[in-house]
J.: 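I'd like to ask some things about the structure below.
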Amino acid sequence: MSTAPNRRAVAVILLVPLVVTLALWTFAWPAARIAPRDLPVGVAGPASAAQQLEQRFEQRDGAFDVHRFDDEAAARTAIENRTVYGAVVVTPQGPHLLTASAASPVVSQLLREAVTASVPEDTPVRVTDVVAAPPGDPRGSVLGASMLPLALAGMAGGAVVTLMGLRGARAALTLVASAALVGVAVTAVTHSWLGAITGDWWTEAGALALTVLAIGSAVAGLAALFGPRGIGLGALLMVLLGNSFSGVSSAPHLLPEPVGAIGQWLPPGAGGSLLRSVAFFDGSGAGGAVLTLSLWTLFGLAAVLFARRAPTPAEPVEPAREPALTG
């Protein structure tokens, strides 16, 4: 009796629980440990009162990264530039909390609770949403749910290009064209139909297309370097880790360290940050995300164009040519 089928059955029995456990860890653990970690917030107002408020924030060791501003106008500018998530302005009437629910509804709620808890019970806290989330997606649910389909779209593009045996410039052009169409289609749904993003239409489409292109290029590039195993590695990086570590549904500064930083180095996290910037903040704070996505895209396309790999089952193997006979 052959032992090969038995070995394969045992491998499947052991591998499936391992994959499920890994997936549960990557998705559930960050969600269960959400808390502020060096969360950038601002404090503005008279020096003595602002210093007291700053000390209250700093009492929660490692939770907040406090920025001091001269007045409310400077604090508003910092929020609009994505330097801080929110700010507290000390006024004679009481604290005035400035938030930006478009940056993260979860952070906005967290700041409300933190500021309310830090003042006496009878002290009113006025709240102003400087950059509000759109009415079509006030809780950021659509934006948070969009990263997984984008990751799957990029993953599918890279895998299909590889399995169909496309190479060189043809493979690169296919990845670019498919990513562009995905960007247009997703923008039509999220912007024109659902109203979940409200920036410049074509800029949003470009941001979405760049995200999908970075993911697809990376998967195809890994496959060009390592063969079909590269597709599995791409799925691990882009879907399993990239999506769960992206922080799109909350904020990167709320995830356990170093998960938040790792997520921003991967295309899904960088793509989520870029989309927020162009959709709600006129592109402010988009530089790092654009750089990350561009580097992944360049790596992937370079590997697709120049790496030599063994042909896939879909590709015919060229027969060896016999040397020409002489005289």
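Sequential numbering from 1 along the given sequence is applied to the chain's residues. As the structure is a prediction and not an experimental result, all values here were calculated from the model.
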J.: Got a second to check how far Ile34's CD1 is from Leu255's CG, nearest 0.5 Å?
T.: 6.5 Å
J.: Does a sphere of radius 6.0 Å around CG in Asp282 hold more than 12 heavy atoms from other residues, nucleotides or ligands, not counting ones at 6.0 Å or beyond?
T.: no
J.: According to a 4.5 Å side-chain heavy-atom criterion applied to Ile, Leu, Val, Met, Phe, Trp and Tyr, with indirect links allowed, do Val89 and Phe57 form part of one hydrophobic cluster?
T.: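 Cluster IDs for Val89 and Phe57 differ.
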J.: Kindly indicate whether the side chain of Asp65, heavy atoms from C-beta on, has any atom under 4.5 Å from the side chain of Val41.
T.: no
J.: For Phe280, what residues pass the ring-ring contact (aromatic ring centres under 6.0 Å, His included) criterion, not counting sequence neighbours?
T.: none
J.: Has the side chain of Thr292 got a donor or acceptor atom that lies under 3.5 Å from a matching backbone atom of Ala270?
T.: no
J.: Any heavy-atom pair between the side chains of Pro36 and Arg60 that's under 4.5 Å?
T.: yes
J.: Side-chain heavy atoms under 4.5 angstrom apart, residues restricted to Ile, Leu, Val, Met, Phe, Trp, Tyr: same cluster for Phe245 and Leu233?
T.: yes
J.: Strictly below 4.0 Å, N to O, side chains only: are Arg37 and Glu257 in salt-bridge contact?
T.: no
J.: Side chains of Gln55 and Gln59: do they bring a donor and an acceptor to under 3.5 Å?
T.: no
J.: Quick one: are Leu194 and Val189 in side-chain contact, heavy atoms under 4.5 Å?
T.: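 The answer is yes, as the side chains (C-beta and beyond) meet within the 4.5 Å cut-off.
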J.: In Å, rounded to the nearest 0.5 Å, how long is the span from CG of Leu275 to CD of Glu204?
T.: 6.5 Å
J.: Would you compute the distance between atom OG1 of Thr91 and atom CD of Glu72 and round it to the nearest 0.5 angstrom?
T.: 8.5 Å
J.: We want to know whether Trp201 and Ser192 form a side-chain donor-acceptor pair, criterion being a heavy-atom distance below 3.5 angstrom.
T.: yes
J.: Flag the pair Leu143 / Ser146 as yes when at least one side-chain heavy-atom distance between them is below 4.5 Å, and no otherwise.
T.: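 Answer yes - side chains close enough.
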J.: To the nearest 0.5 Å, what is the distance between CE (Met238) and CG (Leu148)?
T.: 14.0 Å
J.: Could you tell me which residues satisfy ring-ring contact (aromatic ring centres under 6.0 Å, His included) with His67, sequence neighbours excluded, listed by chain and number?
T.: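 Checked His67 against ring-ring contact (aromatic ring centres under 6.0 Å, His included); zero matches.
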J.: Can you find a pair of side-chain heavy atoms, one from Leu266 and one from Trp296, that are under 4.5 Å apart?
T.: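 They are in contact (side-chain heavy atoms under 4.5 Å apart), so the answer is yes.
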J.: How far does OG1 of Thr128 sit from CG of Leu98, to the nearest 0.5 angstrom?
T.: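 Between Thr128 OG1 and Leu98 CG, I get 6.0 Å after rounding to 0.5 Å.
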J.: Count I, L, V, M, F, W, Y as connected when their side-chain heavy atoms are under 4.5 Å apart, and connections chain through other members. Are Leu293 and Trp265 then in the same cluster?
T.: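 No, Leu293 does not connect to Trp265 through the hydrophobic network.
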J.: Would you check if Phe299 and Leu222 make a side-chain contact, meaning some heavy-atom pair closer than 4.5 Å?
T.: yes
J.: For the residue pair Tyr85 and Leu110, establish whether any side-chain heavy-atom pair is separated by less than 4.5 Å.
T.: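 A side-chain contact under 4.5 Å is absent here.
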J.: Enter the distance from Ser101:OG to Gln109:CD here, rounded to the nearest 0.5 Å.
T.: 11.0 Å
J.: Using only atom types and a distance under 3.5 Å, with no angle test, would you say the side chain of Ser108 pairs donor to acceptor with the backbone of Ser104?
T.: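 A pair under 3.5 Å: yes.
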J.: Is there a path of hydrophobic side-chain contacts, each under 4.5 Å between heavy atoms, that joins Val115 and Leu254?
T.: yes
J.: Flag the pair Pro268 / Ile215 as yes when at least one side-chain heavy-atom distance between them is below 4.5 Å, and no otherwise.
T.: yes
